[in-house]
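Please read all numbers here as calculations on a predicted model, not as lab measurements. In what follows, every chain begins at residue 1, and chains take the letters A, B, ... in the order their sequences are listed.
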Protein chains: 2
Amino acid sequence: MAKLPLADWHPGLSVDCVIFGFHNGALKVLLLQMQGMDKWALPGGFVRKAEDVDEAAVRVLEERTGLKEIFLEQYRLFGQAGRSTTEHARVLHQNGWLDEEDLAWFQQRFVSAGYYALVEYSKVSAPRADYFSSACEWWPLERLPDLMLDHSSLLDAALAALRLHLNHKPVGLSLLPEQFTMPELQQLYEAILGKSLDRRNFQRRMLGYGILCRTGERRRGGAHKAPWLYEFEEEAYEQALQSGLGSTW
Amino acid sequence: MAKLPLADWHPGLSVDCVIFGFHNGALKVLLLQMQGMDKWALPGGFVRKAEDVDEAAVRVLEERTGLKEIFLEQYRLFGQAGRSTTEHARVLHQNGWLDEEDLAWFQQRFVSAGYYALVEYSKVSAPRADYFSSACEWWPLERLPDLMLDHSSLLDAALAALRLHLNHKPVGLSLLPEQFTMPELQQLYEAILGKSLDRRNFQRRMLGYGILCRTGERRRGGAHKAPWLYEFEEEAYEQALQSGLGSTW
DNA sequence: GCAAAAGTGTTAATGGTACACCCATGA
DNA sequence: TCATGGGTGTACCATTAACACTTTTGC
């Protein structure tokens with residue numbers, strides 16, 4: 001990314017992606033460790049002048065995860081005047097990661113479009129760091145490292161948006177592998193909602209929506225009774241989401 | 001706005017506001033008619049470099065409505081590469097509303113933060129047009145004029161966001177006058193949801209939330225039985241919105 | 001007095017909550 | 001065989017949906 005042909009990029013505009021994955025019963029997010037800093041950051045990037053902002057987000061997603069078809073939702077623009085400090089750019093510059101010309105670019109005031117993405121954890125075999133970062137790792141939501149700038153609030157807002165969308169977007173479909181068990185689906189809901197649900201009622205309710213299909217197979221190898229494997233019935237799922245899964249009005 | 005000191009403004013960034021009002025049982029939005037065009041536009045503006053994007057939206061709101069304390073919610077950034085055409089600027093330039101220098105500014109590629117605002121209709125006595133528009137008027141949602149650029153989709157998305165937020169934001173409080181009747185509140189909900197609700201069940205459900213206070217007065221002058229007047233109990237309202245009015249999980 | 005709108009009440013159906021119970025599996 | 005987790009059933013309760021009925025008001 002160094003040596004940007006600056007004329008090609010939309011000034012003062014970036015995208016940041018909160019990439020959610022689900023593994024071992026926990027929600028995780030993909031974070032980058034910044035070169036020469038102990039702080040971590042959300043994967044992000046700049047926007048080409050000729051490019052949709054959505055396309056920029058897709059590009060970032062692909063660069064980090066290697067995946068192209070990802071559920072991606074833009075939830076808000078972050079536009080506080082003081083949100084982008086120059087400290088980070090200064091450190092990069094001192095360590096030789098940024099030359100003079102690019103430094104000026106990084107020291108502009110930036111507004112950033114916040115996206116959240118839902119990916120199937122197992123498909124992201126090797127998350128890749130970008131030019132300015134030394135590591136790219138999954139972090140569980142409950143134990144996050146220090147994040148730079150306002151990335152904590154971006155993340156919080158993404159989770160809030162995800163909760164709000166839970167009944168209207170294909171959250172389960174996007175985060176879970178093709179086949180999954182009912183307990184796994186429940187753990188996912190519990191992780192997103194931040195509270196525990198009744199096992200039996202959850203099952204009945206979910207099956208009541210008519211969006212799940214029992215494959216007939218069970219998940220063997222667990223320590224206890226083998227649970228059934230399910231798949232989503234995609235057409236019925238889409239249909240049900242139109243009006244919202246638990247909507248009241 | 002002509003003769004912008006261009007160095008003070010954030011390049012390629014604007015805000016657009018969908019200002020909702022409620023009058024005579026119908027949802028309305030405030031639109032501007034562009035100088036020399038038959039198309040209408042959402043009230044909008046640019047963002048100063050030293051200003052929060054939210055502040056820019058508040059500024060626009062105040063300029064059009066004269067109101068300062070307005071419920072305002074940013075719902076999404078609109079960032080299609082082709083969304084801002086140069087046609088509008090060309091027309092303004094030809095008619096003498098834009099000089100050469102400002103023309104270049106207007107012909108940049110713009111991304112725009114979409115806000116929706118909820119105002120008490122009666123408090124907006126005289127909406128004011130801006131420099132580039134010849135009229136500023138309320139239009140009912142069901143019969144909207146042709147809108148420029150992608151403002152139709154901005155508006156549709158604002159309504160969708162409003163629906164999604166109905167159980168989590170003080171929608172009634174913001175759109176209705178201090179005192180209102182139950183039928184008025186119901187009409188508001190029906191207008192937002194786009195469907196009719198049962199009168200009696202609506203009333204019971206609303207009263208069940210414990211967020212309304214019957215003043216003891218009735219609205220006289222109507223053609224029929226005089227309905228009670230209510231006010232919101234603001235503390236209880238805020239409280240109830242925390243968990244969502246009709247949330248299921 | 002009539003039509004139309006507002007307030008109150010009742011009932012059946014639906015859906016959620018809180019359980020008890022049985023089944024499968026590995027240690 | 002026991003602890004643990006998974007699957008099914010049921011009884012109870014709250015809420016919703018769909019009604020009937022009464023009250024008020026202007027014409």
Side-chain angles (χ1 to χ4, degrees), chain A residues 22-26 166-167 172 176-177 179-191 193 195-231 236 240-241 243-249, chain B residues 24-26 166-167 172 176-177 179-191 193-231 240-241 243-249:
Chain A
F22 181 70
H23 187 58
N24 282 344
L166 188 54
N167 287 328
L176 292 171
Q179 301 202 341
F180 53 90
T181 67
M182 193 61 75
E184 286 164 358
L185 182 60
Q186 181 179 345
Q187 284 179 332
L188 173 59
Y189 269 70
E190 290 179 336
L193 294 168
K195 65 177 174 188
S196 55
L197 303 168
D198 185 280
R199 188 171 57 89
R200 301 146 281 195
N201 298 330
F202 180 83
Q203 175 147 198
R204 215 155 0 94
R205 184 165 162 180
M206 271 297 159
L207 292 176
Y209 292 142
I211 60 176
L212 295 180
C213 161
R214 185 186 282 181
T215 64
E217 308 270 310
R218 293 161 177 272
R219 167 141 310 168
R220 308 269 160 195
H224 304 288
K225 179 169 178 177
W228 294 106
L229 283 168
Y230 292 88
E231 294 178 357
L241 291 173
S243 50
L245 285 187
S247 58
T248 45
W249 288 109
Chain B
N24 283 343
L166 188 54
N167 288 329
L176 292 171
Q179 301 202 342
F180 54 89
T181 67
M182 193 60 76
E184 286 164 359
L185 182 59
Q186 183 180 344
Q187 284 180 333
L188 173 60
Y189 269 70
E190 290 179 335
L193 294 168
K195 66 177 175 189
S196 55
L197 303 168
D198 184 281
R199 189 170 57 87
R200 301 147 279 194
N201 297 330
F202 180 83
Q203 174 146 196
R204 209 148 6 110
R205 183 165 162 179
M206 271 296 160
L207 292 176
Y209 291 140
I211 60 175
L212 295 180
C213 161
R214 186 186 280 183
T215 64
E217 309 271 310
R218 292 160 177 273
R219 167 141 310 166
R220 309 269 161 195
H224 303 289
K225 179 168 179 176
W228 294 107
L229 283 169
Y230 292 87
E231 294 177 357
L241 289 173
S243 50
L245 285 188
S247 58
T248 44
W249 289 109

What does the list of N/O pairs under 3.5 Å between the protein and nucleotides 22-27 of chain D look like, with a distance for each?
unit_1: D:dT23; atom_1: O2; unit_2: B:Lys225; atom_2: NZ; d: 3.4
unit_1: D:dT24; atom_1: O2; unit_2: B:Lys225; atom_2: N; d: 3.4
unit_1: D:dT25; atom_1: OP1; unit_2: B:Arg220; atom_2: NH1; d: 2.7
unit_1: D:dT25; atom_1: O4'; unit_2: B:His224; atom_2: O; d: 3.4
unit_1: D:dG26; atom_1: O4'; unit_2: B:Ala223; atom_2: O; d: 2.9

A:Asn167 vs A:Leu241 side-chain heavy atoms within contact, under 4.5 Å: no
B:Leu207 vs B:Met182 side-chain heavy atoms within contact, under 4.5 Å: yes
Nucleotide D:dG6, atom P - distance to CG of A:Leu207 in whole Å: 15 Å
Rounded interatomic separation in angstrom, taking CE from B:Met206 and P from D:dA17: 13 Å
Side chain proximity check, B:Glu217 to B:Trp228, heavy atoms < 4.5 angstrom: no
Sub-4.5 Å side-chain heavy-atom contact between A:Arg199 and A:Gln186: yes
Span of DNA chain C in contact with chain A (heavy atoms, under 4.0 Å): C:dG16 to C:dG26
Euclidean distance, atom CZ of residue A:Arg219 to atom C1' of D:dG5 [Å, nearest integer]: 15 Å
Enumerate the protein-to-nucleotides 12-16 of chain D contacts in which both atoms are nitrogen or oxygen and the separation is below 3.5 Å.
none

A:Arg200 backbone acceptor or donor facing A:Asp198 side chain under 3.5 Å: yes
Min side-chain heavy-atom separation A:Leu229-A:Arg214 under 4.5 Å: no
d(CZ, B:Arg200; P, D:dC19) in whole Å: 9 Å
Distance, nearest 0.5 Å, that separates CD of A:Gln187 from OG1 of A:Thr181: 7.5 Å
A:Glu231 side chain reached by A:Leu212 side chain, heavy atoms, under 4.5 Å: no
Side chain proximity check, A:Trp249 to B:Glu190, heavy atoms < 4.5 angstrom: no
Touch class at under 4.0 angstrom, heavy-atom based, for B:Arg214 against every strand present: sugar-phosphate
Pairwise side-chain contact, A:Leu188 with A:Phe180, heavy-atom cut-off 4.5 Å (strictly under): no
Interatomic distance, B:Leu245 atom CG to B:Tyr209 atom OH [nearest 0.5 angstrom]: 5.0 Å
Distance, rounded to the nearest Å, where A:Glu184 contributes CD and D:dG5 contributes C1': 13 Å
